Each structure stands twice: as structure tokens, then as C-alpha cells.
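Since we're looking at a predicted model, the values are computed, not measured. All residue numbers in this chain count up from 1 along the given sequence.
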Amino acid sequence: MIEMLLDRDFFSSSDQNIAIEPRTPQPVYPEHTHNFNEIVIVTSGYGKHILNGRLFDLYPGMMFYIKASDCHLYENVHDLHLTNILFRDPDKFHFINGINQLIPNPDPTQSHYFFDKKTDENIKSIIKQLTPNQSNAIQESLFLQLLLIFNNNLYVNQGSGSYDNRVKQLLRWLQINFKEPINWAQLTEQFSLSLRSFHRHIKNEIGITPQKYLIKLRLANAYTQLIYSNKSITTIAQECGFNDSAYFSTCFKQEFTFSPQTLRNNPDKRYH
């Protein structure tokens, strides 16, 4: 049975529409839903997030949205620290209207993304001000600022802004285009980055190489397809960017400790 978390346990009053709930650290947590929405910010550590059956890897400097109707869980966490911004239905807000259009695209491929260091500083400053003793008017105005900041991290095809911003734009581009053949020299040039410094920057930021990050994106998509589609394992491997099904199986087993065939034969195994 899926657990439902209730707003009465997290909001100080029925009149409060926004609350901050830190998870330091976030433990493994079984599948659950809520009667409120969340914006989740990964402040440090790593883990797996399964949202409506779809697998995502979590890294520091990443954020994602959880709608009240979503089911999700956390698995395979490694010192994962999160800041959860809980909010009720925007229609219940007292002082701002029409913010639903600022909530990101419900497309799951665009639900988890990185933000740059400047954005991180702005987010921390706003969250520090979002205290329970603030008036609803101030809380809602601060929340609106957060939504506007998040909307500055939209998908783009070419880099602009600071070096760190261009790195995060490239990572977001990979989240959408991970199935395509990747020429790293051309791609880094497309985002006005040096290949060598990009490689070093990513390794320092998220602890793995760009190629490993790309493989993990492909494996996460394959994992979901193995459970929810009837496609053959070879077809799934090819669609996810693996030209060699044997190499795909090796990578998959290294990532999940079991083979694609094992998951296909026993979908209830899942990651949890």
C-alpha cells in the first residue's frame, strides 16, 4: 500500500501555503504520495529517485518538482541531503494568482535538472527568508521569486552566460538528447566550452565523467522501458544509444546489480 503524506504534519496551520522541510540526510524512503506539492533541491550526496515508475539519478545542484498526484520513492542513497519546498495548490494562494504557468513542463524527461552556482546562491538566500513566522504575503512573494529563478534554467541548444551556466545548459541538453550519438568535441564547442575543462568541471561537480553521466541517463531510460514496454531488449538498447547489446547488458548489470533480462522477467524486482 502506498503511503500518503498529509499537509497537516508539515504545515503549521491550515492557512499556511508554503513550508520548508530539510532532509539531512534523506534516508531510503518507500513509494509514497502527498496531498501537497514539492520542489526538491539536492544540496549534496547522490541517490536514485523513482518518479511515477521512471528512474532518475540525483546529483548535487539538481532540482525537481513533485505534484500532489505523483508517486515517488528514494533508493540507493549515499549521504543524500535535500531541501524540500512544500506548497499547496497554487489556486489556494492568497496574494498571487496564475503561477501554474510557471510550474515546469510535466514532461518527465524535463522534470530533473541542474542549476548554476549563481542560481544556487539566490535559492539559498530566498529559502533562508522563508521562515514560518513570515506573513503569507511575504512567503508567497518569495515563492514567486523561486519559480522565476527556476524558469531561467530552461532547455537551450547553445550555451550562454557564465562558464558554470553553460556547463549546466549542456547537461540539460544531454538529458533531452541522450539517445543521440554524441561527439563531445562538437558538443562542447556548441556550448562554448573547452572539452578538457568541461570534463574536469563535471568530474569535480558530480563525481563522474561526462561519458559516465551520459551512460547513466541511457541506462535509466532503458530501466523504465524494460518494465513498461514490450520492446525487445536489443531494441531498447539501440533506442537508448547502445549499438552493442552485450555492452548494454554489461553496463546495466554494473549499474543495477542484475541483468536486463532479470528485470524483464521479474518487473516487480524494480530497484526497490
Side-chain angles (χ1 to χ4, degrees), residues 1-45 47-52 54 56 58 60-75 77 79-106 108 111-113 115 119-153 272:
M1 183 176 179
I2 297 176
E3 178 184 8
M4 174 172 277
L5 304 184
L6 301 175
D7 53 2
R8 68 189 182 205
D9 297 320
F10 299 95
F11 293 81
S12 59
S13 71
S14 58
D15 194 49
Q16 183 188 13
N17 284 318
I18 302 159
I20 304 298
E21 183 71 17
R23 288 283 185 262
T24 54
Q26 169 66 57
V28 169
Y29 202 91
E31 192 166 25
H32 62 283
T33 186
H34 342 75
N35 64 348
F36 53 86
N37 309 286
E38 288 183 299
I39 298 171
V40 183
I41 298 168
V42 183
T43 56
S44 64
K48 302 283 187 186
H49 183 224
I50 301 178
L51 173 62
N52 299 325
R54 189 182 182 104
F56 298 89
L58 300 181
M62 178 178 275
M63 64 81 62
F64 52 95
Y65 282 76
I66 305 294
K67 301 188 296 297
S69 58
D70 289 334
C71 292
H72 70 126
L73 62 93
Y74 297 101
E75 256 294 1
V77 298
D79 199 30
L80 180 66
H81 288 231
L82 306 176
T83 299
N84 296 334
I85 305 165
L86 319 182
F87 63 102
R88 300 186 195 271
D89 186 333
D91 290 338
K92 294 183 179 180
F93 280 39
H94 305 290
F95 299 95
I96 53 177
N97 298 308
I99 62 172
N100 276 311
Q101 61 184 329
L102 296 176
I103 304 297
N105 191 315
S111 61
H112 294 59
Y113 57 86
F115 48 80
T119 299
D120 183 44
E121 292 171 3
N122 291 335
I123 290 170
K124 287 176 179 175
S125 174
I126 293 172
I127 288 176
K128 186 179 289 187
Q129 299 173 65
L130 272 170
T131 56
N133 59 339
Q134 291 280 18
S135 68
N136 282 332
I138 292 176
Q139 279 202 337
E140 290 183 21
S141 66
L142 290 169
F143 184 73
L144 177 60
Q145 290 179 48
L146 279 176
L147 292 182
L148 292 172
I149 288 172
F150 293 141
N151 272 266
N152 288 332
N153 288 268
H272 56 293

Does some side-chain heavy atom of [Y] sit less than 4.5 Å from a side-chain heavy atom of [X]?
| X | Y | answer |
| --- | --- | --- |
| V40 | T83 | no |
| L146 | I39 | no |
| I2 | C71 | yes |
| Q145 | L148 | no |
| F56 | K48 | no |
| F87 | F143 | yes |
| V28 | Y74 | no |
| Q139 | N17 | no |

Approximate separation, where rounding is to 0.5 Å, of [X] [atom1] and [Y] [atom2]:
| X | Y | atom1 | atom2 | answer |
| --- | --- | --- | --- | --- |
| I138 | T131 | CD1 | OG1 | 8.5 Å |
| K124 | T119 | NZ | OG1 | 12.0 Å |
| E31 | E75 | CD | CD | 11.5 Å |
| T43 | I127 | OG1 | CD1 | 9.0 Å |
| M63 | E38 | CE | CD | 11.5 Å |
| N84 | Q26 | CG | CD | 7.0 Å |

Spell out, as yes or no, whether a donor-acceptor pair under 3.5 Å connects the side chain of S44 to the backbone of P60. no

Flag, side chain of D89 to backbone of D91, donor-acceptor distance under 3.5 Å: yes

Using the six-membered ring wherever Trp is involved, compare the ring planes of F36 and H34 and label them parallel, tilted or perpendicular (cut-offs 30° and 60°). tilted

Which label fits F115 and F150: parallel for a plane angle under 30°, tilted from 30 to 60°, or perpendicular past 60°? tilted

Between [X] and [Y], what is the shortest heavy-atom contact and its length?
| X | Y | answer |
| --- | --- | --- |
| D70 | T33 | O-OG1, 2.8 Å |
| N37 | P90 | ND2-CD, 4.3 Å |
| S13 | R88 | O-NH2, 2.9 Å |
| A68 | N35 | CB-C, 4.1 Å |
| G45 | V42 | O-CG1, 4.1 Å |
| Q16 | N136 | CA-OD1, 4.1 Å |

Check the pair L102, L144 against side-chain contact (heavy atoms from CB on, under 4.5 Å), reporting the backbone distance first and the verdict last. CA-CA 9 Å; L102 296 176; L144 177 60; 3.6 Å; yes

For Y29 and E3, test the side chains for any donor-to-acceptor distance below 3.5 angstrom and give the result as yes or no. yes

Could you go step by step and tell me if L147 and I149 meet the side-chain contact (heavy atoms from CB on, under 4.5 Å) rule? CA-CA 5 Å; L147 292 182; I149 288 172; over 6 Å; no

Can you give the donor-acceptor pairs under 3.5 Å from side chains of residues 92-99 to other protein atoms, not counting sequence neighbours?
| unit_1 | atom_1 | unit_2 | atom_2 | d |
| --- | --- | --- | --- | --- |
| H94 | NE2 | D15 | O | 3.4 |
| H94 | NE2 | D15 | OD1 | 3.1 |

Could you walk me through whether I20 and L86 pass the side-chain contact (heavy atoms from CB on, under 4.5 Å) test, one step at a time? CA-CA 6 Å; I20 304 298; L86 319 182; over 6 Å; no

Going by the side-chain hydrogen bond (donor to acceptor under 3.5 Å, both in side chains) test, name the single residue among H32, R54, K67 that passes it with H72. H32

